[in-house]
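Below is one structure, written out as structure tokens; comments come after it.
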Amino acid sequence: MAQLGAGNAALIYLAGLRNIPETLYEAARIDGASRFRQFIAITVPLLTPTILFNLITGVSGAMMVFTEAFIMTNGGPDNSTLFYMLYLYRNAFSYGQLGFASALAVLLFLFGMVLAGLIYWLSRRFVNYDVSAG
């Protein structure tokens, strides 16, 4: 089931790769850089915004796992696949505890915002937005 989202990430990586100017690779080949050195010095630094986007969307998607657990196991044997979103759903619609489920949703939102903000704050050191610096 995890492979269903891999196509979206691959498509975004492909768009990021196509955004890298070919002239940078030509200049590196003229300077004698190997393919591995081109990958380390050009491709990875210029793909860091794409990597950051895929990281944030992947973390966000991982926090919202619901459909797989609901359809395949409905919480599994002895609640072994009772993910947060399924727990929230059960409290809201099976147990009728809408206030508690709303509080769970607010906590999920706040945790997601804090986690995305932390990732973005840590990325200021590693993400390169300047094509000419590659």
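A quick note: this is a predicted structure, and the numbers were derived from the prediction, not measured.
Grouping Ile, Leu, Val, Met, Phe, Trp and Tyr residues whose side-chain heavy atoms lie under 4.5 Å apart, directly or via other members, leaves Leu98 alone, with no other cluster members. Hydrophobic side-chain contacts under 4.5 Å tie Val114 to no other Ile, Leu, Val, Met, Phe, Trp or Tyr residue. Apart from Phe36 itself, the hydrophobic cluster it occupies contains Phe39, Ile40, Val44, where clustering links Ile, Leu, Val, Met, Phe, Trp and Tyr at side-chain heavy-atom distances under 4.5 Å.
Within the 4.5 Å cutoff, the side chain of Leu52 has heavy atoms near those of the Tyr129 side chain. Put simply, the side chain of Val127 does not reach to within 4.5 Å of the side chain of Tyr120, judged on heavy atoms. Between Pro21 and Thr23, some side-chain heavy-atom pair lies under the 4.5 Å cut-off. Between Leu88 and Met64 there is no side-chain heavy-atom pair separated by less than 4.5 Å.
The two atoms that bring Ala33 and Gln38 nearest to each other are O-NE2, 3.4 Å, heavy atoms only. The shortest non-hydrogen separation linking Pro45 to Ala41 is CG-O, 3.5 Å.
Not counting sequence neighbours, Tyr89 has no partner by the side chain to side chain donor-acceptor pair (under 3.5 Å) test. Residues satisfying the side chain to side chain donor-acceptor pair (under 3.5 Å) test with Ser60, not counting sequence neighbours, are none. For Thr57, there are no side chain to side chain donor-acceptor pair (under 3.5 Å) partners, not counting sequence neighbours. Partners of Phe126 according to the side-chain contact (heavy atoms from CB on, under 4.5 Å) rule, which considers only residues two or more places apart in sequence or in another chain, do not exist here. Applying the side chain to side chain donor-acceptor pair (under 3.5 Å) test to Asn8 and every residue at least two apart in sequence or in another chain returns nothing. Legend: residues meeting side-chain contact (heavy atoms from CB on, under 4.5 Å) with Leu108, ordered by chain and number and at least two apart, are Met63, Tyr84, Met85.
From Ile56, atom CD1 reaches atom CG of Leu118 across 10.0 Å, with rounding to the nearest 0.5 Å. In this structure, CZ on Phe53 lies 10.5 Å from OH on Tyr13, to the nearest 0.5 angstrom. With rounding to the nearest 0.5 angstrom, the CZ atom of Phe70 is 5.5 Å from the CG atom of Asn74. The line from CG of Leu55 to OG of Ser123 is 9.0 Å long, rounded to the nearest 0.5 Å. Between Leu86 atom CG and Asn79 atom CG the span is 8.5 Å, to the nearest 0.5 Å.
Phe100 is connected to Phe66 through a chain of hydrophobic side-chain contacts under 4.5 Å among Ile, Leu, Val, Met, Phe, Trp and Tyr, so both are in one cluster. Note on Phe111 and Val59: same hydrophobic cluster, where clusters join Ile, Leu, Val, Met, Phe, Trp and Tyr whose side-chain heavy atoms are under 4.5 Å apart, directly or indirectly. Note on Val65: it does not cluster hydrophobically with Phe93, by side-chain heavy-atom contacts below 4.5 Å among ILVMFWY residues.
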Please walk me through it: do Leu46 and Leu24 pass side-chain contact (heavy atoms from CB on, under 4.5 Å)?
CA-CA 11 Å; Leu46 294 180; Leu24 295 175; 3.5 Å; yes

Using the rule given for side-chain contact (heavy atoms from CB on, under 4.5 Å), can you reason through Leu82 versus Arg90, listing the C-alpha separation, both sets of side-chain angles and the distance that settles it, and then say yes or no?
CA-CA 10 Å; Leu82 184 61; Arg90 279 188 180 175; 3.7 Å; yes

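Applying the side chain to side chain donor-acceptor pair (under 3.5 Å) definition to pairs two or more places apart or across chains, those involving residues 42-55 are Tyr25-Thr43. Legend: side chain to side chain donor-acceptor pair (under 3.5 Å) pairs involving residues 91-107, not counting sequence neighbours: none detected. Applying the salt bridge (charged side-chain N to carboxylate O under 4.0 Å, His left out) test to residues at least two apart or on different chains, the pairs with a partner in residues 25-41 are Glu22-Arg29.
A donor-acceptor pair is defined here as one N or O able to donate and one able to accept, closer than 3.5 Å; no such pair exists between the side chain of Thr81 and the backbone of Ala69.
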